[in-house]
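Below is one structure; the comments refer to it alone.
Labels below follow one simple rule: chain letters A, B, ... track the order of the sequence lines, proteins then strands, and each chain is numbered from 1. Atom set for the values below is all heavy atoms of this structure, side chains included, hydrogens, waters and symmetry mates excluded.
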There are 2 protein chains.
Amino acid sequence: MSTQGSSEKKPPNHAGQPRQSSLAGLREVAVAAHVSTATVSRAINTPHLVSPKLRERIHQAIDQLGWVPDGTARALATKRSYTIGAVFPTLTHGDFARATTAIQQELQARGYTLLLACSDYDLEQEFQQIKKFIERGVDGLILVGENHHPDLDKLLARRSVPIINTFVYSPQTHGTCIGPDNRKLFFDMTRYLIEMGHVVFAIVAQSVQNNDRAEARLQGIQDALAEEGIAVRPQHFAIGQWSISEGRHLFRQVMATQPRPTAVICGNPYLAVGAYLESISMGLEVPQDVSIVGYDDIEVMNHLPVSLTTVRVQSEQVGRNAARYLMARLEDEAIDIPFQCDTEIVIRASSGPPSRKNNPASLSL
Amino acid sequence: MSTQGSSEKKPPNHAGQPRQSSLAGLREVAVAAHVSTATVSRAINTPHLVSPKLRERIHQAIDQLGWVPDGTARALATKRSYTIGAVFPTLTHGDFARATTAIQQELQARGYTLLLACSDYDLEQEFQQIKKFIERGVDGLILVGENHHPDLDKLLARRSVPIINTFVYSPQTHGTCIGPDNRKLFFDMTRYLIEMGHVVFAIVAQSVQNNDRAEARLQGIQDALAEEGIAVRPQHFAIGQWSISEGRHLFRQVMATQPRPTAVICGNPYLAVGAYLESISMGLEVPQDVSIVGYDDIEVMNHLPVSLTTVRVQSEQVGRNAARYLMARLEDEAIDIPFQCDTEIVIRASSGPPSRKNNPASLSL
DNA sequence: CCGCTTTGTGTAAACGGTTACAAATATAAA
DNA sequence: TTTATATTTGTAACCGTTTACACAAAGCGG
């Protein structure tokens with residue numbers, strides 16, 4: 001196996017020439033300030049260990065040379081990259097965009113940098129992205145939901161990268177996730193509608209494929225209804241894409257069935273807006289003819305001719321706390337953040353008691 | 001200066017114990033596969049230089065040990081991080097979110113990772129974030145606009161980090177920016193309104209503070225109007241925040257002035273939606289009483305009772321091309337992308353010729 | 001004035017990969 | 001067979017920081 005044995009100490013470098021200015025950054029600063037590299041390093045990272053005189057000289061050298069430390073080398077030496085990876089299903093939904101912004105702000109404030117990827121609701125892709133992040137040496141990970149690739153745990157265990165699941169909360173997994181209790185959210189919303197007298201409910205929602213949050217919300221609706229002995233009829237259950245036009249389409253579809261629903265619960269704000277706009281096209285009165293409620297509060301909901309009842313989730317709070325939590329863990333600080341985030345049912349004009357005339361199952365559209 | 005001189009070759013490591021499994025990752029794989037570290041490295045990066053037999057053995061060792069290469073170390077050694085930094089003013093506006101998504105997709109497809117920050121339209125903050133990115137060793141940068149911190153060039157020159165400005169295009173700076181020609185965009189839109197017979201124009205827009213794109217668009221309006229000898233009156237010029245409610249407020253404000261505008265050009269989609277929704281509250285007919293046009297196309301604009309005329313910018317295209325451009329430069333590939341991106345004036349129901357009755361400067365609101 | 005701590009600084013070995021160069025081996029040409 | 005050439009593989013020096021350890025100097029109570 002051992003191949004060569006004779007080479008008797010050749011000059012270390014390739015050719016004889018010292019290779020123009022081969023001094024690396026920190027080293028260069030060190031000679032300029034007539035100190036050792038260790039001292040320069042300390043002057044930046046632990047200034048109190050360096051005498052004021054040298055500190056001064058070093059800083060002078062630094063900005064005289066315009067030196068910017070190499071984070072890569074630092075990361076290698078310290079095994080800390082001050083980098084956090086976040087994988088979101090998408091960025092084009094308001095809540096994730098808001099959370100991302102909050103995360104980035106929070107990280108930045110403490111010197112961390114955000115690595116971002118979008119999995120497009122694909123678990124396999126999410127896994128690959130996480131893997132990449134780990135290769136890149138992220139110190140922590142922010143994910144969405146609790147439903148991940150089966151091999152994830154193994155991967156994380158090896159490097160012991162802390163992780164936090166966002167936009168979910170359940171008492172069982174307390175401490176590993178930050179977000180709303182999705183099930184309870186729609187449970188409460190549904191109760192509100194029940195108490196208002198509604199009996200025939202329709203659901204217009206996005207696919208629950210790889211989306212445990214949406215699934216939990218659906219479950220919340222069904223649980224609340226079940227308590228009253230009510231179930232959502234198949235023809236009142238419409239699943240589709242995430243868009244206004246889809247909302248219009250699905251709303252029209254469920255409203256064309258018998259018995260006609262008096263309350264339509266939408267899985268996201270775009271579907272709700274679509275449903276409402278379609279109700280206008282159909283000449284329906286909201287909420288007299290039908291109540292429409294959504295999930296998540298986007299600004300337009302509050303400004304439509306009939307403002308829309310919805311659930312507000314503090315996405316910024318979710319993002320901020322997730323970031324804080326991770327950083328605290330990394331710095332071994334104690335931290336007390338609420339894992340279950342604030343939510344609020346925002347009751348606006350689009351929901352109300354069903355009108356009498358809708359009770360008899362009759363009438364053509 | 002030289003302190004010690006005697007130490008006669010002490011054992012290299014601290015205590016005598018070999019420190020449990022001190023073999024670092026790649027080294028560990030190497031011994032497991034009975035090859036040298038160089039060969040392992042080659043097996044991953046340049047497989048064709050390694051005999052199939054060893055390659056096989058190495059890969060076996062790799063996934064038997066579950067090794068994940070350390071990107072930090074790799075980056076240090078190769079001086080390439082396969083990382084791109086992007087600084088956006090915000091993520092909560094649809095166009096930037098879409099562009100970010102496109103960038104990330106494109107980067108991922110070629111093994112790059114995205115670092116993201118939001119400057120909140122603050123040049124100083126942007127500069128700090130860029131600096132941080134450079135410390136982190138990004139291979140390239142994606143920024144928005146052409147207006148950056150004065151020291152930016154110096155900083156970039158030192159490390160020679162390639163950069164691309166997005167969401168802007170002007171012939172003068174061809175090759176350094178990718179986006180729409182913002183000035184021309186609103187120039188054309190204004191011409192369209194002029195040709196329709198409008199004479200009294202109002203502008204409802206966001207602040208142009210550190211926003212050369214918005215500024216260029218305003219200039220486009222003014223240039224087009226100037227050709228006809230028209231100027232926007234001070235009372236028709238409303239600048240504010242970026243929101244629907246602000247759009248409502250500013251719209252009401254400009255509509256309360258004399259002479260009353262027959263066309264309102266909005267600087268972004270939210271302002272346009274707000275303006276339109278306020279027109280409903282005010283009992284105005286769009287476009288008979290007033291034409292409303294916006295910038296950027298968000299879905300709701302096409303679904304409101306009166307759909308809104310706007311300008312569509314291919315933000316995804318901007319993002320994608322920016323990413324491609326950078327990667328091509330980094331890999332020394334030739335690439336032919338359009339620097340000026342596609343745009344389209346989408347004429348919908350909210351714009352039309354001014355009605356006769358609006359001509360006489362009269363009437364109370 | 002001497003040992004004893006405290007404080008400040010330097011030396012050099014990591015960190016975990018890549019890669020120039022040399023050596024060994026296989027292949028082709030003569 | 002011999003020599004020239006191409007192919008594989010190994011050795012060890014980097015990449016630019018940090019940091020354990022050693023040492024010198026300064027401060028101090030006795």
Revision key, fill the gap. dist B:L116:CG -> B:F133:CZ (nearest 0.5 Å) comes out at 6.5 Å
Exercise for review: Sequence neighbours left out, what passes side chain to side chain contact (heavy atoms under 4.5 Å, CB included) with B:S119? Give chain and number order.
Suggested key: B:V87, B:P89, B:E126, B:Q129
Point to revise | Terminal helix-axis angle for the helix from C:dC1-D:dG30 to C:dA30-D:dT1, with five pairs defining each axis and rounding to 10 degrees | key: 40°
Review point. Using a heavy-atom distance cut-off of less than 4.0 Å, which residues of residues 76-84 of chain B contact DNA chain D?
Key: B:L76, B:A77, B:K79
Check your understanding: Rounding to a whole Å, what distance do you find between A:I58:CD1 and C:dT9:C1'?
Key -> 10 Å
Practice item. Can you tell me the distance, in whole Å, between the NE2 atom of B:H48 and the C1' atom of D:dA6? Key: 13 Å
Review point. Can A:H148 and A:N165 be said to form a side-chain hydrogen bond (donor to acceptor under 3.5 Å, both in side chains), step by step?
Key: CA-CA 10 Å; A:H148 305 296; A:N165 292 323; 2.9 Å; yes
Check your understanding: Looking only at side-chain N and O atoms, does A:R27 come under 4.0 Å of OP1 or OP2 in D:dG16?
Key -> no
Review point. Whole Å only: how far is the CG atom of B:L54 from the C1' atom of C:dT25?
Key: 13 Å
Point to revise | Euclidean distance, atom CD of residue A:E135 to atom P of C:dC15 [Å, nearest integer] | key: 20 Å
Practice item. State whether a side-chain donor-acceptor pair under 3.5 Å links B:E316 with B:Q105. Key: no
Check your understanding: Can you find a side chain N or O atom of B:S51 that sits less than 4.0 Å from OP1 or OP2 on D:dT9?
Key -> yes
Check your understanding: Would B:T37 and B:R27 count as a side-chain hydrogen bond (donor to acceptor under 3.5 Å, both in side chains) if you check the C-alpha gap in whole Å, the side-chain angles of each, and the deciding distance to 0.1 Å?
Key -> CA-CA 6 Å; B:T37 60; B:R27 227 108 25 187; 5.0 Å; no
**Study point:** Interatomic spacing from CG in A:N210 to CG in A:L123 - rounded to 0.5 Å
**Key:** 4.5 Å
Review point. Sub-3.5 Å donor-acceptor pair from the side chain of A:S81 to the main-chain atoms of A:G137, do we have one?
Key: yes
Check your understanding: Which part of the nucleic acid, if any, lies within reach of B:T37 when heavy atoms closer than 4.0 Å are counted: base, sugar-phosphate only, or nothing?
Key -> base
Practice item. Hey, could you give me the CZ/CD distance between B:R320 and B:E106, rounded to the nearest 0.5 Å? Key: 6.5 Å
**Study point:** Side-chain heavy-atom pair A:W67, A:E28 within 4.5 angstrom cut-off
**Key:** no
Exercise for review: Could you check which of C:dG17, C:dG8, D:dT18 has an atom nearest any side-chain atom of B:P69?
Suggested key: C:dG17
Check your understanding: If you check the A:A38 side chain, which of D:dT17, D:dT19, D:dG10 turns out closest?
Key -> D:dT19
Check your understanding: For the pair made of CD in B:E28 and P in C:dG16, what is the distance, rounded to whole Å?
Key -> 10 Å
Point to revise | Euclidean distance, atom CD1 of residue A:I62 to atom P of D:dT17 [Å, nearest integer] | key: 10 Å
Exercise for review: Measure the distance from CG on A:L26 to P on C:dC15 and round it to the nearest whole Å.
Suggested key: 19 Å
Review point. With sequence neighbours left out, what residues match A:R80 under salt bridge (charged side-chain N to carboxylate O under 4.0 Å, His left out)?
Key: A:D139, A:E331
Practice item. Output the distance between atom CG (B:L54) and atom CG (B:L49), rounded to the nearest 0.5 Å. Key: 12.5 Å
Review point. Which residues pass the side chain to side chain contact (heavy atoms under 4.5 Å, CB included) test with B:L155, sequence neighbours left out?
Key: A:V68, B:F127, B:I130, B:K131, B:I134
**Study point:** Whole angstrom value for the distance that separates P of D:dG16 from CG of A:L65
**Key:** 14 Å
Study note, to complete from the structure: Assert: residue with more 5' nearest nucleotide on DNA chain D, out of B:L49 and A:D70, is B:L49
Check your understanding: Among residues 39-46 of chain A, which contact DNA chain C at a heavy-atom distance under 4.0 Å?
Key -> A:T39, A:R42
